[in-house]
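For the single chain, residues carry numbers from 1 onward in sequence order.
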Amino acid sequence: MEKVIAALWAPEGESREDFAARILATLPGALVAAGASGVRINVRDATVAPGEWLVQQWQAPQQAAVAQFWMPSANARFRGPVDAALAQHSARFEAWLVCESTIISNDLHPVSAPSPEKVSPGKPLLPERAWGWSQASFISFRPDLTREAAIAHWHSHHTRVAIETQDNFEYVQNLVVRPLTDTAPRYDAFVEECFPLEALDNPEAFFDAVGKPEKLAENLATMMESCNGFIDFTRIDIVPTSQFDFAFLDRA
């Protein structure tokens with residue numbers, strides 16, 4: 001099995017909220033019908049609007065949603081129906097083959113599958129929104145570092161820093177193996193970290209330092225020093241999102 005990360009852009013004139021509602025209703029089912037599994041959708045909706053101060057932008061316009069899923073093979077020969085589903089649901093999409101590493105699994109706030117009997121007739125079967133919020137980070141490595149050196153710093157040093165300085169309850173690293181679309185931005189990794197809702201607009205909650213200003217300053221400085229050790233801040237896109245898991249569709 002191979003994991004695919006796809007960034008999706010909303011059509012001009014469609015709000016993020018409307019775009020989110022539309023793709024949540026029909027994209028997951030279309031992806032599963034096309035051969036994908038383990039679908040997760042991250043959207044920029046009204047719930048995460050207080051986290052706009054966390055946004056870092058390279059792409060203009062910036063991606064409005066992320067689709068994560070698995071395929072038996074992401075080879076272009078077998079990806080046609082999946083690409084068609086992504087194209088039908090967005091103004092633009094770009095995709096990458098990635099290697100996933102789950103640093104912290106979400107064992108604290110698991111999401112239950114929806115109950116079909118509780119869904120009104122004619123309404124899509126949607127999972128509950130995952131607890132908290134998800135920071136979706138498309139990152140690029142510093143150009144003055146070899147890929148090997150950047151990965152070594154990320155895995156051997158920064159991973160520990162991210163765990164120790166933040167109140168994250170899920171942390172998944174996705175190293176880009178190769179782009180799957182010709183115009184995909186040349187990111188090196190996609191990272192998803194989940195936090196309590198309070199961390200959307202409270203740096204103390206984000207950096208696990210509520211009521212502790214000295215700890216906040218220390219954790220922030222430690223995090224930024226580590227990030228500067230391997231990330232090119234001129235080529236990153238970081239957005240707060242709401243997370244929805246559609247793995248239950250694999251059993252439908």
Side-chain angles (χ1 to χ4, degrees), residues 1-45 48 57-100 124-127 129-130 134-140 172 174-192 236-252:
M1 298 291 283
E2 294 188 310
K3 185 178 180 182
V4 176
I5 298 291
L8 293 87
W9 278 257
E12 186 176 356
E14 185 173 22
S15 70
R16 291 177 186 168
E17 291 74 18
D18 289 344
F19 181 62
R22 180 167 61 83
I23 65 172
L24 287 172
T26 57
L27 177 58
L31 289 173
V32 171
S37 61
V39 175
R40 171 179 288 183
I41 304 292
N42 298 74
V43 296
R44 301 175 70 175
D45 58 11
V48 297
Q57 184 171 359
W58 175 28
Q59 299 299 299
Q62 197 172 39
Q63 46 268 64
V66 182
Q68 308 182 53
F69 52 88
W70 295 81
M71 300 182 66
S73 171
N75 187 302
R77 178 188 181 111
F78 308 109
R79 217 179 54 244
V82 164
D83 286 0
L86 294 169
Q88 289 166 5
H89 285 81
S90 62
R92 170 194 173 195
F93 81 91
E94 304 292 354
W96 301 262
L97 176 67
V98 300
C99 178
E100 179 188 280
L125 186 61
L126 298 178
R129 180 189 178 280
S134 167
Q135 179 169 269
S137 303
F138 293 86
I139 66 175
S140 302
V172 182
N174 297 275
L175 180 65
V176 170
V177 177
R178 61 184 175 90
L180 297 176
T181 48
D182 293 338
T183 55
R186 288 310 194 248
Y187 301 119
D188 292 298
F190 172 78
V191 179
E192 183 175 21
I236 61 173
D237 284 285
I238 298 179
V239 295
T241 71
S242 292
Q243 180 198 97
F244 294 84
D245 270 322
F246 290 85
F248 68 90
L249 292 177
D250 300 345
R251 303 182 295 273

Exercise for the section: In sequence, state the C-alpha distance, the side-chain angles, and the governing distance for Thr183 and Glu94, and then conclude on side chain to side chain contact (heavy atoms under 4.5 Å, CB included). Expected result: CA-CA 7 Å; Thr183 55; Glu94 304 292 354; 2.5 Å; yes

Check for a donor-acceptor pair, side chain of [X] on one end and backbone N or O of [Y] on the other, with a separation under 3.5 Å.
X      : Y      : answer
Arg186 : Ala184 : yes
Gln57  : Gln59  : yes
Thr181 : Ala95  : yes
Asn75  : Arg77  : yes

Validation row: [X], [Y] side chains within 4.5 angstrom (heavy atoms):
X      : Y     : value
Ile41  : Leu27 : yes
Pro185 : Trp58 : yes
Ile23  : Ser90 : no

Do you know the tightest heavy-atom contact between [X] and [Y]?
X      : Y      : answer
Ala6   : Leu8   : O-CD1, 3.5 Å
Ala20  : Asp45  : CB-CB, 4.5 Å
Gln63  : Tyr187 : NE2-OH, 3.3 Å
Pro127 : Phe244 : O-CD2, 3.9 Å
Glu2   : Ala74  : OE1-N, 2.7 Å
Gly38  : Asp250 : N-OD2, 2.9 Å

Practice task
Return yes if a side-chain donor-acceptor contact under 3.5 Å exists between Gln243 and Glu192, otherwise no.
Solution key: yes

Rounded at 0.5 Å granularity, tell me how far [atom1] in [X] sits from [atom2] in [Y].
X      : Y      : atom1 : atom2 : value
Arg44  : Ser242 : CZ    : OG    : 11.5 Å
Asp245 : Arg40  : CG    : CZ    : 4.0 Å
Leu31  : Thr26  : CG    : OG1   : 9.5 Å
His89  : Arg22  : NE2   : CZ    : 7.0 Å
Ile236 : Asp188 : CD1   : CG    : 12.0 Å
Gln88  : Asp83  : CD    : CG    : 11.0 Å

Handout entry: Worked check of side chain to side chain contact (heavy atoms under 4.5 Å, CB included) between Trp96 and Phe190
Key = CA-CA 9 Å; Trp96 301 262; Phe190 172 78; over 6 Å; no

Practice task
Taking salt bridge (charged side-chain N to carboxylate O under 4.0 Å, His left out) as the test, write out the residues that go with Asp237, two or more places apart.
Solution key: none

Problem - Working for side chain to side chain contact (heavy atoms under 4.5 Å, CB included), residues Thr241 and Val43 - result: CA-CA 5 Å; Thr241 71; Val43 296; 5.9 Å; no

Exercise for the section: Take Phe138 and Ile5 through the test side chain to side chain contact (heavy atoms under 4.5 Å, CB included) and record every step on the way to the result. Expected result: CA-CA 10 Å; Phe138 293 86; Ile5 298 291; 4.0 Å; yes

